Each structure stands twice: as C-alpha cells, then as structure tokens.
There are 2 protein chains.
Amino acid sequence: MKEGPDIAQIGALIGDPARANMLAALTGGRALTATELAAAGGITLQTASTHLSKLETGGLLAQRKQGRHRYFTLADEAVARLIESMMGLAASRGHLRHQPGPKDPALRKARICYDHLAGDYGVRMLDSLVASGSIDAIGDGLAVTPKGESDLQSIGIDVGSLKSSRRPLCRACLDWSERRTHLAGTLGKALLSNFMEKGWARRMPESRSVVFSPEGERQFLKLFPVES
Amino acid sequence: MKEGPDIAQIGALIGDPARANMLAALTGGRALTATELAAAGGITLQTASTHLSKLETGGLLAQRKQGRHRYFTLADEAVARLIESMMGLAASRGHLRHQPGPKDPALRKARICYDHLAGDYGVRMLDSLVASGSIDAIGDGLAVTPKGESDLQSIGIDVGSLKSSRRPLCRACLDWSERRTHLAGTLGKALLSNFMEKGWARRMPESRSVVFSPEGERQFLKLFPVES
DNA sequence: TTCATACTTCGATCGTAACCGAAGCATTCT
DNA sequence: AGAATGCTTCGGTTACGATCGAAGTATGAA
C-alpha cells in the first residue's frame, strides 16, 4: 500500500510555524546563526537549536561552523525552490501570515530570493532580457542566446565562466508576489552581484528587501526597458 | 518581522502521515471517495472525514458530490506539482516510506502522475520525442515543433485543439523514481489517453501503476525508440 | 586562568491534534 | 415505509512534540 518517498516528513518539518519562519528567513540567501534564526522564528535559543538539528537531519539545511558561531543555510537550491513554490501556492490560496503592512511595498518591488533578484524588478528584468532576444524562453525553460552572451559581456558578466558550474545557468523561479517567473540560476546570481558591486543596489539588513540608489535605479530601468 | 505567505499551514497539512498518504493516492489523478481515501491513509472513516475537510478548507482538495458519494480530487495541477516535487526532494534525501518491495518494479516502469504517464516509460517517451525533433527542450521548458505536430497528428492526436486549453500544452514534471523529467500538460494527458483508447495500456485498480499489453508494449517501444 | 559568548542537552510542563466509538444526517435501494 | 450505504459530528482519550528553565560544552577574549 505504501509506496514511494515520504512526503510527510518534509511537510511536517515545514509545517511548524517557528521552523517555517526560519526557513523563510533563510530564503534571503544569507547564512544566519542560530541566534538570528531564533529571533526570526520568535522562539528562544534552546528551542531553535532543537528545530535546527531536526531540519538538518531532515536534509533541508546545511551548516558550517565558524569559530563559536554556527551558520545555517538552505541545503541547496532545490529546497529554496520548494519553499518559493509553497509560498506561491499559499499566496494563491489566501494563506497570509499578516495583512499587507507598510514594509511590504519595498519587498514587492525588489527582494532577494536565495541568491538572485525577485519581485517587480526581478520579473521586469527577465521580461526585458527575453524581449531583447538575450534569452530564449520556451515555457519555463530558459537559455542564453549568442546575442545575450555578448550583451552580458558588455555589462561585465562572463557567461562562459558561469557555465562551468554544476548548477544550471538559467532557471525560472516563480515569484509569489508577481505570480510570474523571474531569473534564477548562476546567471541570476551573477546579475544581482553585478548590480551590488556597481553600487546600484544593496541589501537591507535583517530583511529580504533590496533597495536601489537613485542612480542605480535609473541605470537599471534604462538597461532593462519594457515596451508598453 | 513576519511577511509573505504562510508556508506553515500548507506544510502542516501535508505533514500528517495519513493526509500525506491520501494526497499521494490522489496524485493518481482519479477522483476517490472518502472511504477509499480512508483506506489509503490507513485510518477509519471518521478520522478521514475530518482530515478531508481540513484539506479542503486549506485549498488543497476539491470535492464533488455525486449521489451519496463524495469524490475528492487535488484542487488543481499546482497542487499535484507541489506533491511531486516534494516526492523528488524526499527521495533525494533518502526519506522513504518503506523498502522497495515486490510491487515496486511495476510502479517504477509505468505509472500515472496526475493525468499523464510517469516512470521509466514516461521518461523514455519524452527522451524519444526530443531526440526525434518532435519536441524542443530548453532546460525544463518544452515546446512542440511543426514536425512534432504532424507526427502526433499521424498517431491520432490533434495538437491544435489541445492548445485552446488554458492549461499549458507541455510541461516538464520531475519523476521521483527516475530523477529525470517526463512530459506533463495537456499533451502528456492526451498521449496517455491515446494509449488507453488503443488498448495498449490500462490502469490497475487501486494503484497508480499502468500496465501495457504485450502488443501495446511492442508498439510503444517501436514508436518511441531510444538510441543507445 | 577567568570570564563571556554561542550553542547544545536535559528535564519537565503543557497544548494541540490525531484518533476511534457511538450517534446523527442524508441519500438511495427495495 | 424500512433498511442499507456513505459520510459527518460529538465526546473523550491519548500521545506526541513544541516550549522553556537550567545546567553543560565549546570557543574566544581579557
């Protein structure tokens, strides 16, 4: 009767509110310490410790000891994608953790999703890359064109070197606020890093949101125009 | 602090073993009654009833009353995809419900995934369609080529009429037993229906497995060859 | 060495939810 | 009408796990 993999274990791990909040915090892509995660989950350090060890033995988290700190991250991109897709489903079923507050708009505009740009700006960027012929899209599949390769080179991204990674170059990631896809994978990561190196954008501490400088925003919008 | 959709609710719904088993059973695509689902979950009818109402108010299930029966299905394809992707993650982390038993081989060979063919045969079919140039694949994105459209027409599938559906024509679905993708979407559904109409294959009752007749198997393997 | 910080383990409490027996509706069959 | 089937609701039990205080370990700083 019982056959196949055990969904319930993973579901139960994500099903606890404290753990879910910790996982959501880690979707920000940054490695966080047990103490920070305890705060994110709204629980004491002891409780967080037991939760974290459960998540780790369950294969959802990876940890890295550094001095007397212990840094946790999501185990890999597959976990991040699962979390984001659950967020998408939850949003579409109206399961919200709280009513849209004042901090929400910034988050909807631009935020980190694991290691790449999400939100309105993330979706806009992918749309623009596809419209300009830099990326080929078939459904949810994405691939860089020769034109895209040279365009990206000119803004300081070497696509060739990114290809050597075992992780896929392009990946479509569903955006829960926009309900459309944005660009993930090593290219998505490289683009965001590029913006931050140029000083166009920076991360807000303690949050997933990404803010653009006035000049950075101007450049970004010029680089990724949308017809309409 | 708390922002975005509530993953924990969905996680908790899937996190109970009885509910997880019922959801996995519904991944078979067939509408099942409360009594059947109780058996699938290994619980009594009363308990199943409360579980089912929770799943329904949580937006994971849809129900349809018919006479004195109440038929349940997964709410939509998004839920089915979530379940399958959790199975993939669970399998990759080694969370198995039981050791591979004697009934497993048939299931690994060919089974139903929501409404299309999965397992070894499902993966083989997509590989072959891509190799023959009937389907273009970029990463996880799939699209039918003009050649594919005429090839499919010749075996009795009208791609044009399938396109009118709101649901995507082609969709890559991760296969948890093969760890590769197979073909979902309306085309995946149409192909499986086609095989069953021709008498090549039929579903086993009370199971997700699909068995081919000797003749059907011969035809299938001839239609979808693999180079090796 | 001593103190402080970061985290884990132990032990006990407490709440929730899964569970089933029994009774209650609703629908269909005879 | 009465009987049977399919499912839901109620009530009470039980068990599991989330929680935190307190004590224990490890790393680094003074």
Side-chain angles (χ1 to χ4, degrees), chain A residues 1-2 6-26 30-73 95 97 206, chain B residues 1-2 6-26 30-58 60-73 95 97 205-206:
Chain A
M1 188 64 70
K2 315 229 176 298
D6 185 8
I7 307 178
Q9 286 191 32
I10 294 187
L13 284 174
I14 304 177
D16 179 80
R19 283 195 293 256
N21 285 332
M22 292 193 280
L23 288 168
L26 286 170
R30 203 175 244 164
L32 298 174
T33 66
T35 312
E36 289 169 321
L37 287 167
I43 48 181
T44 63
L45 183 57
Q46 311 92 291
T47 318
S49 181
T50 68
H51 281 315
L52 290 169
S53 70
K54 281 177 192 173
L55 287 170
E56 200 204 346
T57 60
L60 298 188
L61 293 187
Q63 60 158 310
R64 178 174 96 229
K65 262 184 109 162
Q66 203 168 94
R68 56 182 159 179
H69 293 277
R70 176 158 294 190
Y71 285 96
F72 291 87
T73 53
H95 299 319
R97 279 191 290 185
E206 319 273 329
Chain B
M1 189 64 72
K2 316 228 177 298
D6 187 6
I7 307 176
Q9 286 190 33
I10 294 187
L13 284 174
I14 303 178
D16 179 80
R19 283 194 293 257
N21 285 332
M22 293 193 279
L23 288 168
L26 287 169
R30 200 175 247 164
L32 297 174
T33 65
T35 312
E36 291 169 318
L37 287 168
I43 47 180
T44 64
L45 184 57
Q46 310 92 292
T47 317
S49 180
T50 67
H51 281 315
L52 289 168
S53 71
K54 281 178 192 174
L55 287 170
E56 200 205 346
T57 59
L60 298 189
L61 293 189
Q63 60 157 312
R64 181 175 92 227
K65 262 184 111 162
Q66 204 167 97
R68 56 182 159 179
H69 293 276
R70 177 158 294 191
Y71 285 97
F72 291 87
T73 53
H95 299 318
R97 280 191 289 185
E206 318 273 328

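Residue numbering restarts at 1 for every chain, and letters A, B, ... go by the order of the sequence lines. Predicted model, so just to flag it, every value in this text is computed and none were measured.
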Write down the distance between CD (A/Gln46) and C1' (C/dA6), rounded to a whole number of angstrom.
-> 12 Å
Nearest heavy atoms of B/Gly58 and B/Leu13, plus distance in Å = CA-CD1, 3.9 Å
Here the pair of heavy atoms bringing A/Ala20 nearest to B/Ala8 is CB-CB, 3.7 Å
With sequence neighbours left out, what residues match B/Thr73 under side-chain contact (heavy atoms from CB on, under 4.5 Å)?
-> B/Ala31, B/Ala62
For the student: nearest non-hydrogen atoms of B/Thr44 and B/Ala38, plus distance = O-CB, 4.0 Å
Expressed in angstrom and rounded to an integer, what is the separation of B/Leu45 atom CG from C/dA22 atom C1'?
-> 13 Å
Contact interval (first through last nucleotide) of DNA chain D with protein chain B, 4.0 Å heavy-atom = D/dA4 to D/dT9
Rounded to whole angstrom units, what separation is found between the CD1 atom of B/Ile14 and the C1' atom of C/dA18?
-> 18 Å
Which of A/Arg19, A/His51, A/Met22, A/Arg70 passes side chain to side chain contact (heavy atoms under 4.5 Å, CB included) with A/Leu37? Answer is A/Met22
Do the side-chain N or O atoms of B/Thr44 get closer than 4.0 angstrom to the phosphate oxygens (OP1, OP2) of C/dC20?
-> yes
Between A/His69 (NE2) and C/dA6 (C1'), how many Å, whole number?
-> 7 Å
Test item: A/Leu26 and A/Leu61 side chains (from C-beta on) under 4.5 Å apart, heavy atoms = yes
Checking A/Ser49 side chain against A/Leu45 main chain: does a donor-acceptor pair fall under 3.5 Å?
-> no
Minimum side-chain heavy-atom gap B/Ile10-A/Ile14 below 4.5 Å = no
Hey, does A/Thr33 reach any base, or is it just sugar-phosphate, or nothing, if we go heavy atoms under 4.0 Å?
-> sugar-phosphate
Going through the distances and angles, do A/Leu23 and B/Ile7 end up as a side chain to side chain contact (heavy atoms under 4.5 Å, CB included)?
-> CA-CA 9 Å; A/Leu23 288 168; B/Ile7 307 176; 5.7 Å; no
Within less than 4.0 Å of OP1 or OP2 of C/dC19, is there a side-chain N or O belonging to B/Thr47?
-> no
Could you check how far CZ of B/Arg19 sits from P of C/dC19, rounded to whole Å?
-> 8 Å
Give the B/S/- string for nucleotides 24-30 of chain C, one per nucleotide from 5' to 3', where a protein heavy atom under 4.0 Å of the base yields B, of only the sugar-phosphate yields S, and otherwise -.
-> ---BBS-
